[in-house]
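Since the structure comes first, as structure tokens, the remarks are kept for the end.
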Amino acid sequence: MAAGKVTFNGRLRVLLALAGIAGAVIALRLADIQLLRHDRYLQLAERNRTQVLYQTAPRGRIFTADGKAVAANAPSFDLYYLSAGPKEEDYLRRLAADFAPHLGVTQEDVLDKLQQGVKSGKAVALAENLSPKTAMALKELQLYYPGLYLIEENKRIYPYGIFASHLIGYLGSMEGDEWKNRDQSLDYRLDAKIGKNGLEKKFEKELKGRDGGVFLEVDYRGRVRSVIEDRRWRPGGDIYLTLNFDVQRAAEEGLKNSITGRGAAVALDPRTGAVLALATAPAFDPGMFVPYSDEPQPKSKRISEYNLATQGVYPPASTFKVITAIAAIEQGGFDPEKEVYCPGYYDAGSRVFKCWSVHKHDNFFDGMADSCDVYFYTLAAQTGSAAIEKTQRMFQFGQPTGIDLPGEKAGNLYGPTKRARNRSYWFIGDTLNLSIGQGELLVTPIKMAQFAAALASRGKIWRPYYLDRVVSNQTGKVLQQGKSEVLGTVDIRPSTWDLIYKALKHTVDDGTARRVKIAGLDVYGKTGTAQNPHGDDHGWFMAFAGRPGEEPSLAVAVFVEYGKGGAGAAGPIAREMIKAYFGIEDKPARRPVSAQQAVLENADPAALVSDMQKLQAALQRPDGEHT
């Protein structure tokens, strides 16, 4: 008995020890859950009993300098079925039959989604990105069908269609690589729309807001019980550009209605380098990438992202004659009144170079105004190609302008030094081609605008910039500020600038650029027609303008691909851009008036009354005769 009792007591002690150990483990675990990692487990518990229906935050808006919102937001709606509602098959079929016509899908599609929601016990999206018009109709139906929930979201809109489309860019769905490389600080969802091009892509982080959502309470089986919280979104920051709405619109309308509908136009403020217009044609409507799901979808979303304004390279043609002239004047011994005879061609010995017309006797001012090739052939032969190349370099030809846009082309500087580096010969024909902006010389439209601004500012070469500021929608704080930057200065004599200004003014007042002459403004300009071996010639126009007595405040460059000539194709576009900037409207044409009306309109009122009284007295003479 004693031995048995000892054995029993030993086993009891072992059991008590094991129970004590188990209790200690449980106590430690409870302490871990309740004290050490309480917050973590609380979050997990909350997550297990809530479901979130996300709401896309409004992207930051994009404004022009004059306050037009060219990229904004509009409400869109998502329709959800919450499985906590009625689940009877007959109810679901009636719901599907009533809602399907508004959603643009079949009754079977809606019913299938409803049945999936019932089976999973979770909220299911019946339709997304619905228009407000459709949402209003659904709100009425919602009164008769418990268990439906409309979530308001936001979609991107572009109120002015193609306006600055190559600069603003567009949105698209996030793809695999973009999802893997996304900014972890931004709460992207799998179906998120992100910037794919232009400013929408470049300023994605600044434009992207913080999404909101509706938090739903669900049971342990995932069934919806109630709405816990409707958490509002936070919009992204707003971008303010330097673009002038009217100038940009004039540029786009002009290019669209040009002879080919293809080209580019750029306007700069020559006092700061601010971009006032940056247009490429053909353009596209960024809104085609973000349509409402219940509206007709675009048949094709294929566009050209090629920005001709910054990436198209072409010979500058006769606009380059300004460089040749500056090189000749700065070399010394230049007489602007000396005439050159133009018979319509220039005999270079081994080859005859033609002029586009027979100008006969032209001095410097007439040679520029008439764009006489023979005059500039003669000038170049006397000046030499090295001086012309040096002047090119002073104006930074062959270099990108430095605008903060991807893919800008540098163009191609042309001259004997570069040719020598390539161990190739330079001929007199090369000098003559260089003098009129032909040959291997290539520039972009934005480079020509930068050149025009440098002329307008008498030598300052600005880096073009389009961003004025980025502003927080929450605090109003400026997050990023645009700035002016001078890349270089052309150091030539004041008298040289005076001669160039006089020649370019004469070109507008009495020469090939007379279509751009505008009353009340001082306009200076030069046309250009670039030879094209692949078809019709291209048209150029370069100009700067200001009010009389003031420094020029606008510089423009217009290029029309296959435009045949600068004066007819590009000049009128530049004219409309200049008028838009200075707020000049054409006066309506007066209708023809009769001679009698002309007499009445120009007569002295008092004398007219006296004559009428005399006539009336004569008509009432006693003899009854009428005169």
Side-chain angles (χ1 to χ4, degrees), residues 247 250-268 277-283 306-324 354-357 368-373 376 397 409 411 433 435-439 441-452 455 504 507-508 511-518 523-545 554-580:
V247 178
E252 291 175 345
E253 288 294 321
L255 291 171
K256 179 182 177 181
N257 298 322
S258 67
I259 188 173
T260 63
R262 301 181 62 86
V266 182
L268 302 178
L278 186 70
T280 286
Y306 182 72
N307 191 344
L308 194 148
T310 60
Q311 297 175 304
V313 289
Y314 304 88
S318 292
T319 59
F320 188 80
K321 289 174 180 175
V322 178
I323 292 286
T324 303
K354 293 183 179 181
C355 187
W356 67 277
S357 184
M368 187 74 82
D370 295 338
S371 200
C372 176
D373 291 341
F376 285 91
F397 277 68
K409 298 291 181 62
N433 278 328
S435 71
I436 62 168
Q438 295 290 164
L441 180 65
L442 298 171
V443 297
T444 60
I446 196 168
K447 169 56 73 173
M448 290 307 295
Q450 186 186 51
F451 176 50
L455 296 174
L504 294 179
T507 302
V508 172
T512 58
R514 65 175 63 89
R515 295 190 185 197
V516 189
K517 184 177 181 179
I518 302 171
V523 183
Y524 310 80
K526 184 72 188 75
T527 58
T529 302
Q531 296 174 11
N532 176 26
H534 307 295
D536 290 331
D537 292 342
H538 305 307
W540 279 103
F541 192 86
M542 173 192 71
F544 56 94
L554 178 68
V556 301
V558 178
F559 173 81
V560 177
E561 197 171 35
Y562 312 116
K564 299 184 179 180
I573 301 173
R575 174 185 174 86
E576 293 306 311
M577 293 171 67
I578 295 170
K579 286 168 51 185

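Just so it is clear, the structure is predicted and the values come from calculations on it, not from any experiment.
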Close side-chain approach of Ile323 and Phe397, heavy atoms under 4.5 Å: yes

So which atom in Leu455 and which in Met542 form the shortest heavy-atom distance, rounded to 0.1 Å? CD1-CE, 3.9 Å

Is there side-chain contact between Val516 and Phe541, with at least one heavy-atom pair below 4.5 Å? yes

Least distance between heavy atoms, Ala267 atom then Val556 atom: CB-CG1, 3.8 Å

Checking Trp540 side chain against Met448 main chain: does a donor-acceptor pair fall under 3.5 Å? no

For Thr324 and Lys321, test the side chains for any donor-to-acceptor distance below 3.5 angstrom and give the result as yes or no. no

Return all side-chain donor-acceptor pairs below 3.5 angstrom for residues 560-571, not counting sequence neighbours, or 'none' if the list is empty.
| from | atom 1 | to | atom 2 | distance (Å) |
| --- | --- | --- | --- | --- |
| Glu561 | OE1 | Arg262 | NE | 2.9 |
| Glu561 | OE2 | Tyr314 | OH | 2.9 |

Pairwise side-chain contact, Leu308 with Phe559, heavy-atom cut-off 4.5 Å (strictly under): yes

Contact between Phe376 and Ser318 at the side-chain level, heavy atoms closer than 4.5 Å - yes or no? no

Taking atom types as modelled, is there a side-chain donor on Asn307 or Thr280 under 3.5 Å from an acceptor on the other? yes

With rounding to the nearest 0.5 Å, note down the distance linking CZ in Phe320 to CZ in Phe451. 8.0 Å

Any side-chain heavy-atom pair from Arg575 and Arg515 closer than 4.5 angstrom? no

Got a second to check how far Lys409's NZ is from Lys447's NZ, nearest 0.5 Å? 15.0 Å

Minimum side-chain heavy-atom gap Asp370-Ser357 below 4.5 Å: no

So, Asp537 side chain and Asn532 main chain: donor-acceptor pair closer than 3.5 Å or not? yes

Sequence neighbours excluded, the answer for side-chain hydrogen bond (donor to acceptor under 3.5 Å, both in side chains) partners of Thr527 is Thr512

What one should report as the nearest heavy-atom pair of Ala449 and Ala555 is O-CB, 4.2 Å

On a heavy-atom basis, which atom in Ile578 and which in Ala543 lie closest, and how many Å separate them? CD1-CB, 4.5 Å

Heavy-atom closest pair (Ala281 atom, Gly261 atom, distance to 0.1 Å) is CB-O, 3.5 Å

Under a 4.5 Å cut-off applied to non-hydrogen side-chain atoms, are Val266 and Leu278 in contact? yes

When every non-hydrogen atom of Ala265 is compared with those of Val558, the smallest separation belongs to CB-CG2, 4.1 Å

Sorted by chain and number, sequence neighbours left out, side-chain hydrogen bond (donor to acceptor under 3.5 Å, both in side chains) with Glu576 holds for Lys579

Any heavy-atom pair between the side chains of Trp356 and Asp373 that's under 4.5 Å? yes

